[in-house]
Amino acid sequence: MRSSRGARRSASPDAAAAAPAAAPQPDGRRARLRRALRALGLVAAGVLLVVVLAAWAASIRPGTYSSMAMGVPDLGGAAAVVGGHGHGGAEPSTEGAPTTAGTPITELVADPARPADVRVELVARAERIVLPGGEAVDGFTLNGSTPGPEIRARQGELVEVALRNESVAAGTTLHWHGVDVPAAMDGVAGVTQDAVPPGGSSTYRFVAEDAGSYWYHAHQVSHAQVAGGLFGALVVEPAEAAEPPHALDVVALLHTYPGTSRTLDGVSGEVRHVAAAGSLVRVRIANTDSSPTVAWASAPFRLIAIDGTDLHEPGQVEGLRVAVTAGGRADLELRVPPGGARVQAPGVSLVVGPAGASPPELAAPAEALDPLDYGEPAPLGLDAADPDRDFAYDIGRMPGFLDGRPGIWWTINGRMGGDVPAYVVAEGDVVRMRIANGSGEVHPMHLHGHHAVVLSRDGVPASGSPWWVDSLDVGHGETYEIAFVADNPGVWMDHCHTLPHAVEGLQTHLVYEGVTTPYLLGRDSGNEPE
(Lines give C-alpha, C1' and ligand atoms only; values in the text may rest on other atoms or scores of the structure.)
Protein backbone atom coordinates (compact mmCIF):
# COMPACT_ATOMS: atom_id res chain seq x y z
CA MET A 1 0.00 0.00 0.00
CA ARG A 2 2.81 2.34 0.85
CA SER A 3 4.64 1.64 -2.41
CA SER A 4 1.45 2.15 -4.37
CA ARG A 5 0.90 5.52 -2.77
CA GLY A 6 4.53 6.39 -3.29
CA ALA A 7 4.30 5.43 -6.95
CA ARG A 8 1.44 7.85 -7.40
CA ARG A 9 3.40 10.60 -5.64
CA SER A 10 6.44 10.03 -7.83
CA ALA A 11 4.66 10.10 -11.16
CA SER A 12 6.75 11.72 -13.88
CA PRO A 13 6.27 15.37 -14.97
CA ASP A 14 5.36 14.18 -18.45
CA ALA A 15 2.55 12.15 -17.05
CA ALA A 16 1.29 15.13 -15.07
CA ALA A 17 1.39 17.35 -18.13
CA ALA A 18 -0.53 14.79 -20.11
CA ALA A 19 -3.37 14.77 -17.56
CA PRO A 20 -6.45 16.86 -18.57
CA ALA A 21 -6.72 20.46 -17.11
CA ALA A 22 -9.06 20.97 -14.20
CA ALA A 23 -12.51 22.40 -15.24
CA PRO A 24 -13.11 26.14 -14.44
CA GLN A 25 -14.91 26.65 -11.18
CA PRO A 26 -18.56 27.93 -11.32
CA ASP A 27 -17.62 30.94 -9.19
CA GLY A 28 -15.25 32.13 -11.91
CA ARG A 29 -17.92 32.01 -14.59
CA ARG A 30 -20.31 34.00 -12.40
CA ALA A 31 -17.64 36.62 -11.72
CA ARG A 32 -16.96 37.09 -15.43
CA LEU A 33 -20.74 37.34 -16.10
CA ARG A 34 -21.10 39.95 -13.38
CA ARG A 35 -18.25 41.99 -14.87
CA ALA A 36 -19.85 41.78 -18.33
CA LEU A 37 -23.24 42.83 -17.00
CA ARG A 38 -21.67 45.74 -15.13
CA ALA A 39 -19.96 46.85 -18.32
CA LEU A 40 -23.20 46.58 -20.28
CA GLY A 41 -25.02 48.49 -17.51
CA LEU A 42 -22.45 51.26 -17.66
CA VAL A 43 -22.82 51.48 -21.43
CA ALA A 44 -26.63 51.53 -21.16
CA ALA A 45 -26.49 54.17 -18.41
CA GLY A 46 -24.16 56.25 -20.57
CA VAL A 47 -26.49 55.97 -23.55
CA LEU A 48 -29.49 56.83 -21.38
CA LEU A 49 -27.67 59.82 -19.92
CA VAL A 50 -26.86 61.06 -23.41
CA VAL A 51 -30.50 60.64 -24.46
CA VAL A 52 -31.79 62.41 -21.33
CA LEU A 53 -29.30 65.27 -21.72
CA ALA A 54 -30.27 65.63 -25.38
CA ALA A 55 -33.97 65.73 -24.45
CA TRP A 56 -33.27 68.26 -21.71
CA ALA A 57 -31.23 70.48 -24.05
CA ALA A 58 -33.85 70.26 -26.81
CA SER A 59 -36.60 71.35 -24.41
CA ILE A 60 -34.92 74.61 -23.40
CA ARG A 61 -36.44 77.57 -25.19
CA PRO A 62 -34.55 80.76 -26.07
CA GLY A 63 -34.68 83.69 -23.70
CA THR A 64 -37.10 85.30 -26.16
CA TYR A 65 -39.04 83.71 -28.98
CA SER A 66 -42.15 84.36 -31.04
CA SER A 67 -45.35 82.38 -30.75
CA MET A 68 -44.93 82.03 -34.53
CA ALA A 69 -41.96 79.74 -33.83
CA MET A 70 -43.80 77.72 -31.20
CA GLY A 71 -45.22 74.40 -32.31
CA VAL A 72 -45.07 72.23 -35.41
CA PRO A 73 -47.44 73.50 -38.15
CA ASP A 74 -50.51 71.31 -38.62
CA LEU A 75 -52.36 72.27 -41.80
CA GLY A 76 -55.34 70.06 -41.12
CA GLY A 77 -55.10 68.35 -44.49
CA ALA A 78 -54.83 71.57 -46.52
CA ALA A 79 -52.02 72.35 -48.96
CA ALA A 80 -48.93 74.14 -47.65
CA VAL A 81 -48.66 77.89 -48.09
CA VAL A 82 -46.48 78.82 -51.04
CA GLY A 83 -43.30 80.56 -49.87
CA GLY A 84 -43.76 79.86 -46.18
CA HIS A 85 -44.25 77.21 -43.55
CA GLY A 86 -47.98 77.73 -43.33
CA HIS A 87 -47.41 78.68 -39.68
CA GLY A 88 -48.74 82.18 -40.07
CA GLY A 89 -47.15 82.35 -43.51
CA ALA A 90 -43.87 83.65 -42.05
CA GLU A 91 -40.34 82.35 -41.75
CA PRO A 92 -39.07 82.58 -38.15
CA SER A 93 -35.72 84.25 -37.60
CA THR A 94 -33.06 82.87 -35.28
CA GLU A 95 -34.76 84.74 -32.44
CA GLY A 96 -38.12 83.30 -33.37
CA ALA A 97 -39.60 86.58 -34.61
CA PRO A 98 -41.19 86.41 -38.08
CA THR A 99 -39.27 88.08 -40.90
CA THR A 100 -41.49 87.43 -43.91
CA ALA A 101 -44.08 90.12 -44.62
CA GLY A 102 -47.62 89.48 -43.43
CA THR A 103 -50.46 91.27 -41.68
CA PRO A 104 -49.19 92.39 -38.27
CA ILE A 105 -51.58 91.49 -35.49
CA THR A 106 -51.34 95.14 -34.35
CA GLU A 107 -53.43 96.13 -37.40
CA LEU A 108 -56.34 93.86 -36.46
CA VAL A 109 -58.34 96.45 -34.50
CA ALA A 110 -61.75 98.12 -34.43
CA ASP A 111 -62.21 101.34 -36.42
CA PRO A 112 -59.83 103.76 -34.64
CA ALA A 113 -61.89 106.75 -35.77
CA ARG A 114 -65.11 105.50 -34.19
CA PRO A 115 -65.92 107.05 -30.81
CA ALA A 116 -66.64 104.77 -27.87
CA ASP A 117 -70.20 104.16 -26.76
CA VAL A 118 -69.16 102.66 -23.42
CA ARG A 119 -65.94 103.81 -21.75
CA VAL A 120 -64.48 102.36 -18.55
CA GLU A 121 -61.25 103.06 -16.67
CA LEU A 122 -59.73 100.26 -14.58
CA VAL A 123 -56.80 100.55 -12.19
CA ALA A 124 -55.06 97.29 -11.25
CA ARG A 125 -53.42 97.02 -7.84
CA ALA A 126 -51.73 94.38 -5.70
CA GLU A 127 -53.06 94.69 -2.17
CA ARG A 128 -54.42 92.98 0.91
CA ILE A 129 -58.05 92.06 0.32
CA VAL A 130 -60.59 91.63 3.10
CA LEU A 131 -63.61 89.73 1.79
CA PRO A 132 -67.10 90.57 3.13
CA GLY A 133 -67.03 87.40 5.25
CA GLY A 134 -63.89 88.65 7.01
CA GLU A 135 -61.36 86.42 5.22
CA ALA A 136 -58.19 88.28 4.19
CA VAL A 137 -55.91 87.39 1.27
CA ASP A 138 -52.99 88.96 -0.54
CA GLY A 139 -54.35 89.46 -4.03
CA PHE A 140 -55.30 91.93 -6.72
CA THR A 141 -58.05 94.47 -7.29
CA LEU A 142 -59.53 96.55 -10.11
CA ASN A 143 -60.63 100.00 -8.94
CA GLY A 144 -60.12 98.82 -5.39
CA SER A 145 -62.47 95.85 -5.53
CA THR A 146 -62.62 92.22 -6.53
CA PRO A 147 -64.43 91.18 -8.58
CA GLY A 148 -63.76 94.25 -10.69
CA PRO A 149 -66.59 96.52 -11.89
CA GLU A 150 -69.35 94.87 -13.91
CA ILE A 151 -69.29 96.23 -17.47
CA ARG A 152 -72.58 96.39 -19.42
CA ALA A 153 -72.98 97.32 -23.06
CA ARG A 154 -75.62 96.93 -25.74
CA GLN A 155 -75.05 94.79 -28.80
CA GLY A 156 -73.34 96.81 -31.55
CA GLU A 157 -71.80 99.36 -29.19
CA LEU A 158 -68.09 100.07 -29.17
CA VAL A 159 -66.56 99.34 -25.78
CA GLU A 160 -63.36 101.10 -24.71
CA VAL A 161 -61.56 100.04 -21.54
CA ALA A 162 -58.48 101.93 -20.34
CA LEU A 163 -56.35 99.77 -18.04
CA ARG A 164 -53.70 101.29 -15.80
CA ASN A 165 -51.36 99.09 -13.78
CA GLU A 166 -50.60 100.83 -10.52
CA SER A 167 -48.78 98.09 -8.61
CA VAL A 168 -49.02 94.59 -10.12
CA ALA A 169 -45.30 93.82 -10.14
CA ALA A 170 -45.28 91.13 -12.84
CA GLY A 171 -47.30 93.30 -15.22
CA THR A 172 -50.84 92.50 -16.29
CA THR A 173 -53.33 92.52 -19.18
CA LEU A 174 -57.07 92.06 -19.72
CA HIS A 175 -58.50 89.21 -21.79
CA TRP A 176 -62.18 89.35 -22.83
CA HIS A 177 -63.18 85.76 -22.21
CA GLY A 178 -65.69 84.52 -24.78
CA VAL A 179 -65.85 87.82 -26.69
CA ASP A 180 -64.70 87.45 -30.29
CA VAL A 181 -62.69 90.67 -30.20
CA PRO A 182 -60.25 91.81 -32.93
CA ALA A 183 -57.00 89.92 -32.42
CA ALA A 184 -54.99 92.94 -31.22
CA MET A 185 -57.44 93.33 -28.32
CA ASP A 186 -57.25 89.75 -27.00
CA GLY A 187 -55.02 90.71 -24.06
CA VAL A 188 -52.59 87.76 -24.19
CA ALA A 189 -49.13 88.84 -23.02
CA GLY A 190 -46.46 87.98 -25.57
CA VAL A 191 -48.95 87.16 -28.33
CA THR A 192 -51.25 90.17 -28.83
CA GLN A 193 -49.51 92.73 -26.60
CA ASP A 194 -46.75 93.18 -24.05
CA ALA A 195 -47.70 92.91 -20.40
CA VAL A 196 -48.53 96.31 -18.93
CA PRO A 197 -45.79 97.10 -16.36
CA PRO A 198 -46.36 99.02 -13.12
CA GLY A 199 -46.98 102.63 -14.08
CA GLY A 200 -48.01 101.62 -17.63
CA SER A 201 -51.37 101.52 -19.38
CA SER A 202 -53.18 99.86 -22.26
CA THR A 203 -56.48 100.62 -23.98
CA TYR A 204 -58.82 97.95 -25.35
CA ARG A 205 -61.42 98.76 -28.03
CA PHE A 206 -63.90 96.36 -29.55
CA VAL A 207 -67.44 96.26 -30.89
CA ALA A 208 -69.75 94.13 -28.74
CA GLU A 209 -71.13 92.22 -31.70
CA ASP A 210 -72.78 89.32 -29.86
CA ALA A 211 -75.22 89.64 -26.97
CA GLY A 212 -74.48 87.36 -24.04
CA SER A 213 -72.72 86.70 -20.75
CA TYR A 214 -68.94 87.08 -20.68
CA TRP A 215 -66.16 87.94 -18.27
CA TYR A 216 -62.73 89.54 -18.34
CA HIS A 217 -59.54 88.54 -16.58
CA ALA A 218 -55.77 88.91 -16.56
CA HIS A 219 -53.79 86.90 -19.11
CA GLN A 220 -50.34 87.55 -17.68
CA VAL A 221 -49.26 85.02 -15.02
CA SER A 222 -52.96 84.28 -15.21
CA HIS A 223 -52.94 81.18 -13.01
CA ALA A 224 -51.98 83.47 -10.09
CA GLN A 225 -53.56 86.79 -11.07
CA VAL A 226 -57.02 85.41 -11.86
CA ALA A 227 -57.14 83.36 -8.67
CA GLY A 228 -55.94 86.43 -6.78
CA GLY A 229 -58.80 88.63 -7.97
CA LEU A 230 -58.07 90.23 -11.37
CA PHE A 231 -61.40 89.51 -13.06
CA GLY A 232 -64.89 90.90 -13.56
CA ALA A 233 -68.15 90.44 -15.48
CA LEU A 234 -69.05 91.73 -18.93
CA VAL A 235 -72.69 91.60 -20.09
CA VAL A 236 -73.78 92.48 -23.63
CA GLU A 237 -77.53 93.10 -23.84
CA PRO A 238 -79.47 92.56 -27.09
CA ALA A 239 -79.69 95.57 -29.38
CA GLU A 240 -83.38 95.04 -30.14
CA ALA A 241 -84.58 94.92 -26.53
CA ALA A 242 -86.45 98.20 -25.97
CA GLU A 243 -87.37 97.08 -22.47
CA PRO A 244 -85.51 94.56 -20.29
CA PRO A 245 -87.17 91.16 -20.90
CA HIS A 246 -86.53 90.15 -17.30
CA ALA A 247 -87.62 91.88 -14.13
CA LEU A 248 -84.22 91.03 -12.65
CA ASP A 249 -81.02 90.30 -14.58
CA VAL A 250 -78.07 89.44 -12.32
CA VAL A 251 -74.57 88.04 -12.67
CA ALA A 252 -73.32 85.31 -10.32
CA LEU A 253 -69.52 85.13 -10.43
CA LEU A 254 -68.26 81.95 -8.75
CA HIS A 255 -64.72 82.30 -7.42
CA THR A 256 -62.36 80.78 -4.88
CA TYR A 257 -59.57 83.04 -3.65
CA PRO A 258 -56.34 81.35 -2.50
CA GLY A 259 -56.79 79.79 0.92
CA THR A 260 -60.49 80.66 1.21
CA SER A 261 -63.85 79.04 0.63
CA ARG A 262 -65.81 79.67 -2.56
CA THR A 263 -67.45 83.06 -3.00
CA LEU A 264 -70.30 84.42 -5.10
CA ASP A 265 -69.64 87.95 -6.36
CA GLY A 266 -66.89 88.13 -3.73
CA VAL A 267 -69.25 87.14 -0.88
CA SER A 268 -69.03 83.90 1.06
CA GLY A 269 -72.25 81.95 1.60
CA GLU A 270 -75.43 83.68 0.42
CA VAL A 271 -76.27 86.65 -1.83
CA ARG A 272 -79.85 88.02 -1.99
CA HIS A 273 -81.78 89.97 -4.63
CA VAL A 274 -85.33 91.23 -4.26
CA ALA A 275 -87.76 90.13 -6.98
CA ALA A 276 -91.55 90.05 -6.94
CA ALA A 277 -93.31 86.71 -6.87
CA GLY A 278 -94.29 85.72 -10.41
CA SER A 279 -91.58 87.85 -12.05
CA LEU A 280 -89.15 86.44 -14.61
CA VAL A 281 -85.50 86.40 -13.50
CA ARG A 282 -82.26 85.76 -15.41
CA VAL A 283 -79.20 84.54 -13.48
CA ARG A 284 -75.93 84.66 -15.45
CA ILE A 285 -73.60 82.14 -13.78
CA ALA A 286 -69.89 82.45 -14.61
CA ASN A 287 -67.29 80.03 -13.29
CA THR A 288 -64.06 81.98 -12.79
CA ASP A 289 -62.29 79.11 -11.01
CA SER A 290 -59.82 76.67 -12.56
CA SER A 291 -62.03 73.62 -12.08
CA PRO A 292 -65.48 72.66 -13.34
CA THR A 293 -68.54 73.03 -11.12
CA VAL A 294 -72.32 72.60 -11.21
CA ALA A 295 -75.34 74.76 -10.45
CA TRP A 296 -78.98 73.99 -9.69
CA ALA A 297 -82.18 75.74 -8.60
CA SER A 298 -84.97 75.16 -6.10
CA ALA A 299 -87.60 76.11 -8.72
CA PRO A 300 -88.26 75.00 -12.31
CA PHE A 301 -85.96 76.77 -14.77
CA ARG A 302 -84.78 76.94 -18.36
CA LEU A 303 -81.13 76.93 -19.41
CA ILE A 304 -81.40 79.74 -21.95
CA ALA A 305 -77.74 80.33 -22.89
CA ILE A 306 -74.33 78.66 -22.72
CA ASP A 307 -71.09 80.64 -23.11
CA GLY A 308 -72.91 83.75 -24.30
CA THR A 309 -74.99 82.02 -27.00
CA ASP A 310 -78.77 81.58 -26.67
CA LEU A 311 -80.14 78.05 -26.94
CA HIS A 312 -82.94 77.31 -29.39
CA GLU A 313 -86.30 76.58 -27.73
CA PRO A 314 -84.96 75.30 -24.41
CA GLY A 315 -87.58 73.52 -22.35
CA GLN A 316 -88.37 73.96 -18.68
CA VAL A 317 -86.73 71.44 -16.36
CA GLU A 318 -86.74 70.74 -12.64
CA GLY A 319 -84.48 68.77 -10.32
CA LEU A 320 -81.48 68.75 -12.65
CA ARG A 321 -77.97 70.11 -12.18
CA VAL A 322 -76.21 72.16 -14.86
CA ALA A 323 -72.50 71.80 -15.58
CA VAL A 324 -70.49 75.03 -15.65
CA THR A 325 -66.94 74.40 -16.77
CA ALA A 326 -63.94 76.50 -15.78
CA GLY A 327 -64.26 79.77 -17.68
CA GLY A 328 -67.75 78.84 -18.88
CA ARG A 329 -71.11 80.52 -18.37
CA ALA A 330 -74.66 79.21 -17.96
CA ASP A 331 -77.72 81.50 -17.97
CA LEU A 332 -80.76 80.24 -16.02
CA GLU A 333 -84.23 81.74 -16.38
CA LEU A 334 -86.90 81.11 -13.76
CA ARG A 335 -90.20 82.51 -12.56
CA VAL A 336 -90.06 83.49 -8.89
CA PRO A 337 -92.34 81.38 -6.66
CA PRO A 338 -94.24 83.10 -3.80
CA GLY A 339 -91.59 81.92 -1.33
CA GLY A 340 -88.65 82.87 -3.56
CA ALA A 341 -86.10 80.68 -5.32
CA ARG A 342 -82.55 79.66 -4.57
CA VAL A 343 -79.88 79.14 -7.25
CA GLN A 344 -77.00 77.13 -5.82
CA ALA A 345 -73.47 76.00 -6.55
CA PRO A 346 -71.32 74.04 -4.10
CA GLY A 347 -70.72 76.28 -1.06
CA VAL A 348 -72.73 79.32 -2.20
CA SER A 349 -76.26 80.32 -3.16
CA LEU A 350 -78.20 83.23 -4.66
CA VAL A 351 -81.70 83.95 -3.35
CA VAL A 352 -84.23 85.78 -5.51
CA GLY A 353 -87.70 86.63 -4.23
CA PRO A 354 -89.73 88.98 -2.04
CA ALA A 355 -87.96 90.57 0.92
CA GLY A 356 -87.46 88.02 3.67
CA ALA A 357 -88.02 85.04 1.37
CA SER A 358 -86.36 81.87 2.58
CA PRO A 359 -86.48 79.19 -0.12
CA PRO A 360 -85.08 75.77 0.81
CA GLU A 361 -81.48 74.74 0.38
CA LEU A 362 -81.22 71.57 -1.70
CA ALA A 363 -78.48 69.06 -2.27
CA ALA A 364 -77.08 68.88 -5.79
CA PRO A 365 -79.42 66.77 -7.95
CA ALA A 366 -78.13 63.38 -9.01
CA GLU A 367 -79.20 63.83 -12.63
CA ALA A 368 -77.55 66.31 -15.00
CA LEU A 369 -79.04 68.33 -17.83
CA ASP A 370 -77.29 67.22 -21.03
CA PRO A 371 -76.88 70.00 -23.63
CA LEU A 372 -76.27 67.36 -26.30
CA ASP A 373 -80.01 66.69 -26.60
CA TYR A 374 -81.57 69.70 -24.82
CA GLY A 375 -83.68 72.18 -26.77
CA GLU A 376 -84.66 71.96 -30.44
CA PRO A 377 -82.41 71.69 -33.53
CA ALA A 378 -81.74 74.74 -35.70
CA PRO A 379 -79.44 75.48 -38.68
CA LEU A 380 -75.74 75.71 -37.76
CA GLY A 381 -74.75 78.14 -40.50
CA LEU A 382 -71.84 75.92 -41.55
CA ASP A 383 -71.32 72.54 -43.24
CA ALA A 384 -69.06 70.43 -41.03
CA ALA A 385 -69.43 67.30 -43.18
CA ASP A 386 -66.74 68.47 -45.62
CA PRO A 387 -64.43 70.83 -43.70
CA ASP A 388 -61.53 72.78 -45.18
CA ARG A 389 -59.37 71.82 -42.18
CA ASP A 390 -59.66 68.70 -40.05
CA PHE A 391 -57.59 68.58 -36.85
CA ALA A 392 -56.90 66.15 -34.03
CA TYR A 393 -56.29 67.44 -30.49
CA ASP A 394 -55.40 64.40 -28.39
CA ILE A 395 -54.63 65.22 -24.75
CA GLY A 396 -52.25 62.95 -22.84
CA ARG A 397 -49.54 63.01 -20.21
CA MET A 398 -45.99 61.69 -20.02
CA PRO A 399 -42.62 62.30 -18.33
CA GLY A 400 -40.15 64.64 -19.94
CA PHE A 401 -38.73 68.14 -19.86
CA LEU A 402 -40.63 71.41 -20.24
CA ASP A 403 -38.22 74.27 -20.86
CA GLY A 404 -35.56 72.31 -18.98
CA ARG A 405 -37.77 71.34 -16.05
CA PRO A 406 -38.22 67.61 -15.42
CA GLY A 407 -41.70 66.36 -14.63
CA ILE A 408 -44.79 64.63 -15.89
CA TRP A 409 -46.34 67.09 -18.34
CA TRP A 410 -49.48 67.39 -20.44
CA THR A 411 -49.12 66.51 -24.11
CA ILE A 412 -50.98 67.31 -27.32
CA ASN A 413 -50.88 64.56 -29.94
CA GLY A 414 -48.07 62.92 -27.97
CA ARG A 415 -45.90 66.06 -28.02
CA MET A 416 -45.03 68.63 -25.39
CA GLY A 417 -43.59 72.12 -25.07
CA GLY A 418 -42.47 73.72 -28.32
CA ASP A 419 -43.22 70.55 -30.30
CA VAL A 420 -47.00 70.60 -29.90
CA PRO A 421 -49.02 71.15 -33.09
CA ALA A 422 -49.77 74.73 -34.13
CA TYR A 423 -53.14 74.62 -35.90
CA VAL A 424 -53.03 76.66 -39.12
CA VAL A 425 -56.14 77.99 -40.87
CA ALA A 426 -57.07 80.48 -43.60
CA GLU A 427 -59.81 83.05 -43.28
CA GLY A 428 -63.15 81.57 -44.32
CA ASP A 429 -62.20 77.94 -43.62
CA VAL A 430 -64.72 75.60 -42.08
CA VAL A 431 -62.74 73.83 -39.35
CA ARG A 432 -63.53 70.51 -37.70
CA MET A 433 -61.59 69.36 -34.65
CA ARG A 434 -61.68 66.12 -32.69
CA ILE A 435 -60.69 66.59 -29.04
CA ALA A 436 -59.88 63.35 -27.19
CA ASN A 437 -58.73 63.12 -23.58
CA GLY A 438 -56.75 60.15 -22.31
CA SER A 439 -54.78 62.06 -19.68
CA GLY A 440 -56.56 60.89 -16.52
CA GLU A 441 -58.08 64.28 -15.63
CA VAL A 442 -60.83 66.54 -16.92
CA HIS A 443 -59.80 69.55 -19.05
CA PRO A 444 -61.95 72.63 -19.78
CA MET A 445 -60.66 73.58 -23.24
CA HIS A 446 -60.87 77.26 -24.26
CA LEU A 447 -60.32 78.58 -27.78
CA HIS A 448 -59.81 82.34 -27.98
CA GLY A 449 -61.51 84.51 -30.59
CA HIS A 450 -64.08 81.94 -31.74
CA HIS A 451 -67.14 79.97 -30.73
CA ALA A 452 -67.37 76.33 -31.80
CA VAL A 453 -70.44 74.12 -32.09
CA VAL A 454 -70.47 70.62 -30.59
CA LEU A 455 -71.13 68.01 -33.31
CA SER A 456 -70.85 64.85 -31.22
CA ARG A 457 -69.65 63.34 -27.96
CA ASP A 458 -68.19 59.83 -27.91
CA GLY A 459 -69.67 59.23 -31.34
CA VAL A 460 -73.22 60.28 -30.37
CA PRO A 461 -74.38 63.17 -32.61
CA ALA A 462 -75.80 66.32 -31.04
CA SER A 463 -79.58 66.27 -31.43
CA GLY A 464 -80.84 69.28 -29.46
CA SER A 465 -80.30 73.01 -29.80
CA PRO A 466 -77.00 73.99 -31.43
CA TRP A 467 -74.54 73.88 -28.53
CA TRP A 468 -72.01 76.67 -29.10
CA VAL A 469 -69.09 76.93 -26.68
CA ASP A 470 -65.88 78.79 -26.06
CA SER A 471 -65.04 76.66 -23.00
CA LEU A 472 -65.73 72.92 -23.22
CA ASP A 473 -65.29 70.29 -20.51
CA VAL A 474 -63.57 67.20 -21.93
CA GLY A 475 -63.53 64.45 -19.32
CA HIS A 476 -61.05 61.59 -19.17
CA GLY A 477 -61.97 59.03 -21.80
CA GLU A 478 -64.25 61.44 -23.69
CA THR A 479 -64.01 62.46 -27.33
CA TYR A 480 -65.77 65.52 -28.75
CA GLU A 481 -66.11 66.68 -32.34
CA ILE A 482 -66.53 70.42 -32.73
CA ALA A 483 -66.64 72.80 -35.69
CA PHE A 484 -66.27 76.51 -36.33
CA VAL A 485 -65.73 79.03 -39.11
CA ALA A 486 -62.33 80.72 -39.20
CA ASP A 487 -63.75 84.23 -39.46
CA ASN A 488 -61.54 86.21 -37.07
CA PRO A 489 -57.93 86.51 -38.33
CA GLY A 490 -55.19 86.47 -35.72
CA VAL A 491 -52.98 84.33 -33.53
CA TRP A 492 -55.21 82.74 -30.91
CA MET A 493 -54.45 80.70 -27.81
CA ASP A 494 -56.16 77.32 -27.49
CA HIS A 495 -55.59 76.01 -23.97
CA CYS A 496 -56.93 74.31 -20.88
CA HIS A 497 -58.68 76.77 -18.54
CA THR A 498 -57.57 74.83 -15.52
CA LEU A 499 -54.89 77.51 -15.61
CA PRO A 500 -52.14 75.54 -13.82
CA HIS A 501 -52.54 72.91 -16.57
CA ALA A 502 -51.75 75.56 -19.16
CA VAL A 503 -48.56 76.36 -17.22
CA GLU A 504 -47.78 72.62 -17.35
CA GLY A 505 -47.92 72.49 -21.14
CA LEU A 506 -51.58 72.19 -22.14
CA GLN A 507 -51.63 75.14 -24.52
CA THR A 508 -51.10 75.82 -28.20
CA HIS A 509 -52.20 78.32 -30.88
CA LEU A 510 -54.65 78.65 -33.73
CA VAL A 511 -52.78 80.65 -36.38
CA TYR A 512 -54.18 82.30 -39.50
CA GLU A 513 -52.06 82.19 -42.65
CA GLY A 514 -50.43 85.53 -43.35
CA VAL A 515 -50.83 86.97 -39.82
CA THR A 516 -47.72 87.84 -37.81
CA THR A 517 -47.03 89.21 -34.34
CA PRO A 518 -44.14 91.41 -33.15
CA TYR A 519 -44.51 90.33 -29.51
CA LEU A 520 -42.23 87.83 -27.82
CA LEU A 521 -42.53 85.14 -25.20
CA GLY A 522 -39.76 83.63 -23.04
CA ARG A 523 -38.10 84.16 -19.71
CA ASP A 524 -36.36 87.37 -20.86
CA SER A 525 -39.43 88.92 -22.51
CA GLY A 526 -41.38 89.88 -19.39
CA ASN A 527 -44.42 88.14 -20.91
CA GLU A 528 -45.93 85.09 -19.20
CA PRO A 529 -49.44 84.49 -20.51
CA GLU A 530 -49.90 81.46 -18.22
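Remember, predicted model here, so these are calculated numbers, not experimental data.
Sorted by first and then second residue, the salt bridge (charged side-chain N to carboxylate O under 4.0 Å, His left out) pairs involving residues 212-230 (not counting sequence neighbours) form an empty list. Residue pairs meeting the salt bridge (charged side-chain N to carboxylate O under 4.0 Å, His left out) criterion with at least one partner in residues 218-238, sequence neighbours excluded, are R152-E237, R154-E237. Applying the side chain to side chain donor-acceptor pair (under 3.5 Å) rule to pairs touching residues 120-129 yields R119-E121, R125-E166, E127-T141, R128-D138, sequence neighbours excluded. For residues 459-471, the salt bridge (charged side-chain N to carboxylate O under 4.0 Å, His left out) pairs, not counting sequence neighbours, are R329-D470. The stretch residues 419-437 participates, sequence neighbours left out, in these side chain to side chain donor-acceptor pair (under 3.5 Å) pairs: R389-D429, D390-R432, D394-R434, N437-S439. For residues 369-387, the salt bridge (charged side-chain N to carboxylate O under 4.0 Å, His left out) pairs, not counting sequence neighbours, are D370-R457.
In this structure, H495 has its ring center under 6.0 Å from that of H448.
When the side-chain contact (heavy atoms from CB on, under 4.5 Å) test is applied to R262, the partners found at least two apart in sequence or on another chain are L254, T256, D289, T293, A345, P346, V348. Scanning for side-chain contact (heavy atoms from CB on, under 4.5 Å) contacts around A189 gives T173, A195, Q220, N527, with sequence neighbours left out. With sequence neighbours left out, the side-chain contact (heavy atoms from CB on, under 4.5 Å) criterion links P300 to Q316, E318. For R272, the side-chain hydrogen bond (donor to acceptor under 3.5 Å, both in side chains) test picks out E270, with sequence neighbours left out. Shown here are the side-chain hydrogen bond (donor to acceptor under 3.5 Å, both in side chains) partners of S145, two or more places apart in sequence or in another chain: there are none. With sequence neighbours excluded, the residues forming a side-chain hydrogen bond (donor to acceptor under 3.5 Å, both in side chains) with T172 are Q225, listed by chain and number.
Side chain of N287 to backbone of G328: no donor-acceptor contact under 3.5 angstrom is found. N413 places no side-chain N or O within 3.5 Å of a backbone atom of V420 that could act as its donor or acceptor partner. Proximity of a side-chain donor or acceptor of Y204 to a complementary backbone N or O of D186 within less than 3.5 Å is not detected.
Applying the 6.0 Å contact sphere to CD1 of I408 captures no more than 12 heavy atoms from other residues, nucleotides or ligands.
Side-chain contact check for H450 and D180: no donor-acceptor pair (N or O, by modelled atom type) lies under 3.5 Å. Side-chain contact of H255 with T146: a donor-acceptor pair under 3.5 Å is absent, judged by distance alone.
The aromatic rings of F231 and Y257 lie tilted to each other, with the angle between the two planes from 30° to 60°.
None of Y216, Y214, W215 except one satisfies the side-chain contact (heavy atoms from CB on, under 4.5 Å) rule with W176; the exception is Y216.
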